[in-house]
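Starting off with a structure, shown below.
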Amino acid sequence: MSAYKSDFLNVLAERGFIHQVSEPETLDQLAKSQPITAYIGYDCTAPSLHIGHLLPTMMLHWLQQTGHRPIALMGGGTTRVGDPSGKDETRRVLTEDVINENLKSIRQTFSKFLKFEGAGGNAIMANNAEWLNALNYIDFLRDVGRHFSVNRMLSFDSVKLRIDRQQELSFLEFNYMILQAYDFVELHKRHGCVLQMGGSDQWGNIVNGIDLGRRMENAQLFALTAPLITTASGAKMGKTAAGAVWLNADLMSPYQYWQFWRNTEDGDVTRFLKLFTVLPLDEIVRLGALQGSELNEAKKVLATEATALMHGREAADQAAETARRTFEQGETSLALPSVSLPRAEIEAGIGVLAAFVKAGLAKSNGEVRRAIANNAIQVNDVRIADDKRIVTAQDLTADGVIKLSLGKKQHILIKPE
RNA sequence: GGGAGAGUGUCCCGAGUGGCAAAGGGGGCGGACUGUAAAUCCGCUGGCUUACGCCUUCGUAGGUUCGAGUCCUACCUCUCCCA
């Protein structure tokens, strides 16, 4: 299927990671003949990466697995500017403190997918604040700015979109692509990095870096982008009731993460197994060939493998077991997500409305009321029809918890403390 | 600088021209059906309230009116035409 000669590009191609590559033959040849260094840049706009970052991160993973060197570049500097690509509106400006907090919190994620220097691997973690913060404006304009044509910059999608949609684009953001291009050149100088990867929306930014590398360093650099992932029914991937699907365990528990993958649409199973697990392809083909309800087995494998990558094998197995007991046995597993409330508060009695809001299953009392009217609320697996129902210590099960359910899939345990 | 038009339920798109908590989509959530899937059908989708009801919401700030998303004035942002 794949016409590539290098393991690296072969693996990526077979697993469906490749959307666009610049000069594929040359890059292929290079990757075949020697270890190459490649990087992906990450925003620090949130305290955790989310599902959308997973795909590019898996590319770094395979890069390392096929004998090359990955760099995870934290955008400590560029986040202060804000990438306008694919966004309608100017992002609010984050303070440096917040950015640094986010950066710290994101860091740990990479160790799950990459082996870093000092931990038996060769991966590098860099932060572009290191060189961007120190830039001198005039020097930068003269050294780097002169290589950019405004005429051409205006023609890039990230800019054109804003202009066409009559949304303001500040000069600050307009500079983002220059900084990202400069990152590429800087990483080339520092680490001999020759390839930048990213989502398909990054193509323009990456190509700018390639141009700049040629002009400033006479270097030959490459771009490789991954496809935008939508579900089989066309929806953007990674949205749930709660919002984004986070990777950090403190924002989304391994169980919830497992559930996210478990609920994959039929048509996505094979594709997701290739992209988000490291199972061998023949195993994936076997799983993807399952028909009808048997496909559920493949979804469980997907969920467990994807969760194991991110949260570890043990957490993944536990999530699978919790799901099995909850959905297949109809039991109340103590490993379900839980919220702790003071014992005294429970003994005093809490209205169902308040209880569900406290548990995070609803945003307002009214939302719970409507859910009750929709027959969607259960306490300890008993349907609630009365919104004046009080949850008390009487409701504690033999295990000492109260199980609140919204619909058939969302369960939270109340635990006294 | 002059003229014309636009900004709506803080997820998005979009009707609305004096009685509106504001049509209709999409998205999301729930229910039925299934396989924790998709498709389909049904319900819900501003806050508080047992309820009567109260509060907040249509770019911003004022004004007219019993009553304003709707009319008037100023301002902000954007689009188009003229210079």
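Chain naming here is simple, since letters A, B, ... match the order of the sequence lines and numbering starts at 1 in each.
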A:Lys409 side chain, from C-beta outward: closest of B:rG47, B:rA37, B:rG35: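 When the side chain of A:Lys409 is considered, B:rA37 is the closest of B:rG47, B:rA37, B:rG35.
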Protein-nucleotide distance (A:Glu328, atom CD; B:rG35, atom C1'), rounded to Å: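 For the pair A:Glu328 CD and B:rG35 C1', the rounded distance is 11 Å.
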Nearest-nucleotide 5' precedence on RNA chain B, A:Gly267 against A:Ala376: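 Looking at the nearest nucleotide for each, A:Ala376 comes out on the 5' side.
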Same-atom distance (P) from B:rG30 to B:rC75, integer angstrom: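 My reading of the P atoms in B:rG30 and B:rC75 gives 50 Å.
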Integer angstrom distance from the P of B:rC71 to that of B:rU17: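 Straight-line distance between the two P atoms is 10 Å.
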Sugar-phosphate, base or nothing in reach of A:Ala373, heavy atoms under 4.0 Å: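 It contacts nothing in the nucleic acid.
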Short N-O contact, A:Asp211 and A:Arg152, less than 4.0 angstrom: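 Yes, charged N to carboxylate O under 4.0 Å.
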Watson-Crick or G-U wobble mate for B:rU50, both contacts under 3.5 Å: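 Answer to the pairing question: none, since B:rU50 forms no Watson-Crick or G-U pair.
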Length of the line joining A:Leu273:CG and B:rA37:P, which is rounded to integer Å: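 Rounded to the whole Å, the gap is 18 Å.
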Interatomic distance, A:Asn374 CG vs B:rC42 C1' [rounded to whole Å]: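 Result: 10 Å.
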A:Lys358/A:Glu345 salt bridge by N-O under 4.0 Å criterion: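 Salt bridge between A:Glu345 and A:Lys358, a charged N being under 4.0 Å from a carboxylate O: yes.
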Ionic contact status for A:Asp395 with A:Arg389, cut-off 4.0 Å: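 Answer for the salt bridge query: yes.
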Whole-Å P distance, B:rC66 and B:rA15: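 The same atom, P, in both gives a distance of 33 Å.
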Between B:rA32 and B:rA51 - P atom distance, rounded Å: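 Taking atom P in both B:rA51 and B:rA32, they lie 25 Å apart.
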Between P of B:rU36 and CZ of A:Arg324, the distance in whole Å: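 Value for this atom pair: 14 Å.
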Side-chain donor/acceptor of A:Gln259 to base of B:rU36, under 3.5 Å: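 Result: at least one qualifying N/O pair found.
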Candidate nucleotides B:rG35, B:rU36, B:rG30, ranked by approach to the side chain of A:Trp258 - the nearest: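 Output: B:rU36.
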Identity of whatever pairs with B:rU64 - Watson-Crick or G-U, under 3.5 angstrom: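 Partner of B:rU64: none found under 3.5 Å.
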Test item: side-chain donor near acceptor, A:Asn248 and A:Thr109, under 3.5 Å: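 Per modelled atom types, A:Asn248 and A:Thr109 side chains form a pair under 3.5 Å.
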Position toward the 5' end of RNA chain B (nearest nucleotide), A:Arg383 or A:Gln291: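 Here A:Arg383 is the residue nearer the 5' end.
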From B:rC29, B:rU36, B:rA38, nucleotide with atom closest to A:Gln410 side chain: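 Closest nucleotide among those given: B:rC29.
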Inter-nucleotide C1' distance (B:rG7, B:rC12), Å rounded: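 Roughly 15 Å separates the two C1' atoms.
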Protein-nucleotide distance (A:His411, atom NE2; B:rG30, atom P), rounded to Å: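 About 11 Å, once rounded to whole Å.
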Carboxylate-amine/guanidinium proximity below 4.0 Å for A:Glu331 and A:Lys403: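 No, this pair does not count.
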Identity of whatever pairs with B:rC44 - Watson-Crick or G-U, under 3.5 angstrom: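 Paired with B:rC44, as far as the under-3.5 Å criterion goes, is B:rG28.
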Charged N-O contact under 4.0 Å between A:Lys300 and A:Glu328: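 Yes, this pair counts.
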B:rG63 and B:rA68, which share atom name P, separated by this distance in whole Å: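 Here B:rA68 and B:rG63 have their P atoms 12 Å from each other.
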Value in whole Å for how far the P atom of B:rU50 lies from CZ of A:Arg389: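 Spelled out: CZ on A:Arg389 to P on B:rU50 is 17 Å.
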Between A:Arg325 and A:Ser333, a side-chain donor and acceptor under 3.5 Å: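 Side-chain D/A pair, A:Arg325 to A:Ser333: absent.
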Listed nucleotide nearest any side-chain atom of A:Glu265, set B:rA38, B:rG30, B:rG35: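 Per side-chain heavy atoms of A:Glu265, the pick is B:rA38.
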Partner nucleotide, any strand, of B:rU57 [Watson-Crick/G-U, under 3.5 Å]: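 B:rU57 is unpaired by these criteria.
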Nearest to side-chain heavy atoms of A:Lys408, which nucleotide of B:rA32, B:rU36, B:rG30: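 The nucleotide sitting nearest to the side chain is B:rA32.
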Opposite nucleotide pairing with B:rG5, Watson-Crick or G-U, both atom distances under 3.5 Å: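 B:rC78 - that is the nucleotide pairing with B:rG5, both distances being under 3.5 Å.
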Minimum-distance nucleotide to A:Arg369 side chain [options: B:rG30, B:rU36, B:rU49]: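 Comparing B:rG30, B:rU36, B:rU49 against the side chain of A:Arg369, the answer is B:rU49.
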Sugar-phosphate only, base, or nothing, as touched by A:Gly292 at under 4.0 Å among non-hydrogen atoms: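 If one applies the 4.0 Å heavy-atom cut-off, A:Gly292 turns out to touch a base.
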Same-atom distance (P) from B:rC42 to B:rG47, integer angstrom: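 Comparing P positions in B:rC42 and B:rG47 gives a spacing of 25 Å.
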Candidates B:rU36, B:rG46, B:rC48 - which lies nearest the side chain of A:Asn365: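 Comparing B:rU36, B:rG46, B:rC48 against the side chain of A:Asn365, the answer is B:rC48.
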A:Gln202-A:Asn205 side chain donor-acceptor pair, cut-off 3.5 Å: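 Yes, because at least one side-chain N or O of A:Gln202 sits under 3.5 Å from a partner of the opposite role on A:Asn205.
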Under 3.5 Å donor-acceptor pair, A:Asp266 side-chain atoms to B:rG35 base atoms: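 Yes.
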Closest to the A:Lys388 side chain, choosing from B:rU50, B:rU45, B:rG35: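 Given the options B:rU50, B:rU45, B:rG35, the side chain of A:Lys388 is closest to B:rU50.
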Phosphate OP1/OP2 of B:rG28: any A:Arg370 side-chain N/O under 4.0 Å: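 No, outside the criterion.
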Sugar-phosphate only, base, or nothing, as touched by A:Thr326 at under 4.0 Å among non-hydrogen atoms: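 Since no nucleic acid heavy atom lies under 4.0 Å of A:Thr326, the category is nothing.
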Pair partner, B:rG14 [Watson-Crick or wobble, under 3.5 Å]: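 WC or wobble partner does not exist here.
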Integer-rounded Å distance: B:rC29 P and A:Phe356 CZ: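 Distance, rounded to whole Å: 17 Å.
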Separation of atom CH2 in A:Trp261 from atom C1' in B:rU36, rounded to whole Å: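 To the nearest whole Å, that distance equals 16 Å.
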Separation of the C1' atoms in B:rU70 and B:rC58, to the nearest angstrom: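 The same atom, C1', in both gives a distance of 10 Å.
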Listed nucleotide nearest any side-chain atom of A:Ser364, set B:rG47, B:rU49, B:rA37: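 The closest nucleotide is B:rG47.
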